[in-house]
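Down below is the structure, laid out as structure tokens.
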Number of protein chains: 2
Amino acid sequence: MTAAEQEYIKQIYTGIADGHLPMQTYMLAELVGAKPASATDMVKKLTLKGLLNYRKNHGFSLTESGEQVALQIIRRHRLWELFLTENLKIDWKQVHAMANELQSINSDLLVNNLEAYLGYPVYDPHGEVIPDAKGHLPQTERMEIYDLKVNQGATVTGFRDSGSAFLAYIEKLGLLIGVRIQVTSLIEYNHSVEIAISQVSSFIITKETAQKIYVTINE
Amino acid sequence: MTAAEQEYIKQIYTGIADGHLPMQTYMLAELVGAKPASATDMVKKLTLKGLLNYRKNHGFSLTESGEQVALQIIRRHRLWELFLTENLKIDWKQVHAMANELQSINSDLLVNNLEAYLGYPVYDPHGEVIPDAKGHLPQTERMEIYDLKVNQGATVTGFRDSGSAFLAYIEKLGLLIGVRIQVTSLIEYNHSVEIAISQVSSFIITKETAQKIYVTINE
DNA sequence: TTATATAATTAGACAAGACTAATTTTATAA
DNA sequence: TTATAAAATTAGTCTTGTCTAATTATATAA
């Protein structure tokens with residue numbers, strides 16, 4: 001598989017995981033940074049390879065084997081992201097782009113040894129779970145900040161958006177992985193959420209942001 | 001620069017370093033694993049970019065800036081090779097192909113942090129010197145086994161050929177980096193060389209092989 | 001039900017990098 | 001000096017992945 005095909009498959013997987021089922025052409029094009037016409041071409045090609053279910057003009061989804069392929073690419077991407085931050089000390093906001101190039105190196109030996117070297121990690125630096133060599137995702141029960149009730153306390157465990165602008169905003173707010181937060185109020189008007197970081201700060205985030213931050217409820 | 005352009009530039013550099021000056025089309029084609037017609041196309045393109053000196057039908061060499069580019073690619077290649085063997089414990093005979101993919105990721109941040117992580121190494125796993133961030137090569141005085149005189153003792157410090165078949169042969173003979181050898185006789189007939197590994201073994205290698213193994217004379 | 005905005009697709013073009021087949025150059029040997 | 005083998009180049013084709021512009025489908029609102 002070419003690097004481009006792999007990137008498309010990966011974006012289809014994450015798009016669907018974010019609730020866009022079936023996936024649509026214009027959305028895929030946006031995710032990979034191309035025009036819809038290019039996405040249509042690639043969707044046709046991936047369909048011929050048996051990786052997508054595609055109904056012309058009605059979107060597409062991954063087949064069983066397409067999903068397995070996607071999980072392998074995501075595995076590589078997340079392992080490299082972790083290596084870049086943990087070992088090479090590269091800023092977590094910058095590793096996504098580099099990992100996008102590294103993910104295309106499709107060698108089981110390389111990836112499995114990298115995984116062992118990193119100590120069989122479960123989470124990447126953005127809090128996303130890393131599929132194992134068989135494509136199995138570790139189960140974690142977590143929700144979005146947006147799902148929390150007022151006064152409910154939780155711990156930040158990950159983010160749905162790996163773009164550097166979003167991550168810079170998160171960093172500025174101090175909402176890093178492991179930080180404990182509490183919802184202090186819900187704004188009825190536009191569904192924004194006010195949250196507090198224990199004794200440190202308190203601020204309002206939009207609904208969209210609250211849906212992009214994963215948390216686990218404190219015991 | 002595309003990955004293909006980078007691979008061509010790297011091969012031109014190493015070809016010239018092995019004494020092929022000027023470099024010729026058929027040789028470059030062989031080094032990159034393509035047909036001569038493809039090499040001609042690429043040579044024209046690289047010439048337009050100011051990286052090669054090219055006289056039609058008379059070969060080519062690197063310009064000043066072409067050499068700087070080549071050293072950066074070689075730097076990346078060798079740093080990755082070292083990472084793959086040292087850290088990921090991948091067999092040294094297999095790392096060349098993987099490093100060929102990794103070398104195309106052209107990020108100073110990535111490469112410089114990788115270099116720091118590896119502890120600013122001087123040699124890659126095949127004994128080749130690693131250029132620094134400015135493209136300077138550490139000076140080492142070393143020669144080929146073929147240059148040694150009878151009874152002269154020396155230590156293996158590297159290899160000119162990174163192909164897995166050659167490296168497997170080297171491994172079989174026990175001529176790994178750091179091993180002390182002695183030339184026991186020179187075969188006049190075909191310029192083969194008989195060498196001994198102290199008390200361990202003794203065998204004959206061809207002239208070609210003797211020219212591919214670097215040694216440093218023992219003090 | 002019809003008009004319309006949005007999304008999707010098609011057709012055709014282009015750049016990169018590779019190939020084959022044919023031709024031209026160069027160097028060498030007779 | 002001429003014939004010839006080896007090397008290099010050219011011309012034309014193919015695949016991948018992208019694009020623009022034009023056309024067609026779909027869903028929604030009047």
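Numbers restart at 1 for each chain; the letters A, B, ... are given by sequence-line order, proteins then strands.
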(message) What's the separation between atom CG in B:Leu148 and atom CD1 in B:Ile213, rounded to the nearest 0.5 Å?
(response) 10.5 Å

Under 4.0 Å, heavy atoms only, any strand: does [X] hit a base, just the sugar-phosphate, or nothing?
| X | result |
| --- | --- |
| A:Ser38 | base |
| A:Phe60 | nothing |
| B:Ala37 | base |
| B:Thr40 | base |

Spacing between [X] atom [atom1] and [N] atom [atom2], to the nearest angstrom:
| X | N | atom1 | atom2 | result |
| --- | --- | --- | --- | --- |
| B:Lys56 | D:dA8 | NZ | P | 14 Å |
| A:Gln6 | D:dT16 | CD | C1' | 14 Å |
| A:Gln24 | C:dA7 | CD | C1' | 8 Å |
| B:His58 | C:dT26 | NE2 | P | 5 Å |
| A:Glu30 | C:dT6 | CD | P | 15 Å |
| B:Tyr26 | D:dT9 | OH | C1' | 17 Å |
| A:Arg55 | C:dA8 | CZ | P | 13 Å |
| B:Met23 | D:dA7 | CE | P | 14 Å |

Pairing of [X] and [Y] as salt bridge, 4.0 angstrom limit:
| X | Y | answer |
| --- | --- | --- |
| B:Lys10 | B:Glu7 | yes |
| B:Arg160 | B:Asp18 | yes |
| A:Lys93 | A:Asp91 | yes |

Is [X] near enough to [N] that one of its side-chain N or O atoms lies under 4.0 angstrom from OP1 or OP2?
| X | N | answer |
| --- | --- | --- |
| A:Tyr8 | D:dT16 | no |
| A:Lys35 | D:dT20 | yes |
| B:Lys44 | D:dT9 | no |

(request) Output the single nucleotide from D:dT18, C:dA18, D:dA25 whose closest atom is nearest the side chain of A:Asn57. (result) D:dA25

(request) Consider the side chain of A:Tyr54, meaning its heavy atoms from C-beta on, and name the nucleotide among D:dC19, C:dA18, C:dT9 that approaches it most closely. (result) C:dT9

(message) Strictly distance-based, threshold 3.5 Å: is any side-chain N or O of B:Arg75 a donor or acceptor partner for the main-chain N or O of B:Pro131?
(response) yes

